[in-house]
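Take a look at the structure set out below.
Atoms within each ligand, like the ligands themselves, are counted from 1 in listed order. Values in this document were obtained by computation on a predicted structure and should not be read as measured data. In what follows, every heavy atom counts, from backbone to side chain, and hydrogens, waters and symmetry copies are set aside.
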Amino acid sequence: MRYAIISDIHSNLEALNAVLSYLKTNPVDSIISCGDITGFGPEPHECIEKLRALPNFRSVEGNHDAALCGKINPDDFNEDSLYSLEANKLLVTPDDVKYLKSLPESISENDTLFVHGSPRKRLTEYLFMMDKFRLNMSSFNESVCFIGHTHHPLIYQFNLANGSDSFINIEEESEMYTLSEGKKYIINAGSVGQPRDGRASACMVFFDSKTRTVNFKRIAYDTGAVQEKMRKLKMPEGLINRLASGF
Ligand code: ZN
């Protein structure tokens with residue numbers, strides 16, 4: 001099965017359109033979102049509508065999606081996140097809310113797990129440091145787990161024989177990584193709609209479960225157009241500015 005994994009779209013229709021038009025010319029069997037379709041950006045409804053119309057699309061829930069549909073309380077949300085949550089609530093339809101409520105916590109198939117935060121705390125844990133990744137290794141049985149949530153694309157590898165682990169440097173976006181037997185992996189798909197790794201372009205990852213190959217892809221889009229829509233909705237400047245800087 002050839003997958004495109006997209007994550008953290010965050011109501012950014014311009015970025016989503018750029019990714020989907022790339023996928024039109026580079027089709028896959030299955031498109032999976034690791035959550036946070038909504039929050040932060042100006043067009044949650046348009047993003048949900050666009051994704052639901054795709055025949056081969058599925059998503060797990062993200063913390064912003066769960067807060068928007070009332071599944072969780074946004075206790076750990078900062079001021080900007082809370083503002084965008086309230087703004088997003090006014091921009092979705094009852095049917096969108098129903099759809100967000102229906103999203104599963106995880107998807108598991110072809111020896112691959114898809115979640116938003118981490119294998120052990122699927123909705124909320126942020127995986128940045130190596131020791132946190134290590135602590136998650138016993139929380140899933142599949143050999144590969146795709147996550148989102150931090151908006152930082154990366155590959156973490158864990159050797160089952162001796163417990164050694166490391167991050168694989170993602171240097172060239174075109175580079176193809178082949179996953180090894182005897183290792184488990186957590187791969188962060190980065191963010192489509194609000195990258196935070198210093199690059200403004202939308203991030204996605206391709207995975208072939210048969211050949212066990214992974215490659216990342218960055219796609220430039222019109223950040224100015226999204227920023228304009230956010231200004232019209234009087235969204236926080238910090239959220240608007242970070243789209244151009246990628247931080
Ligand atoms: Zn997010």
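- Here the N, O or S atom of D36 that is nearest to the Zn ion (ligand 1) is OD2.
- Stacking of K184 on the aromatic ring of F140 is recorded, both the 6.0 Å distance cut-off and the 45° axial limit being met.
- Note on E46 versus K229: no salt bridge recorded, every NZ/NE/NH1/NH2 to OD/OE distance being 4.0 Å or above.
- For H151, the N, O or S atom closest to the Zn ion (ligand 1) goes by the atom name NE2.
- For H10, the nearest N, O or S atom to the Zn ion (ligand 1) falls under 2.8 Å.
- Nearest to the Zn ion (ligand 1), among the N, O or S atoms that D8 has, is OD2.
- With sequence neighbours excluded, the residues that form a side chain to side chain contact (heavy atoms under 4.5 Å, CB included) with N73 are D75.
- Here the side chains of D111 and V144 are not in contact, with every heavy-atom distance at 4.5 Å or above.
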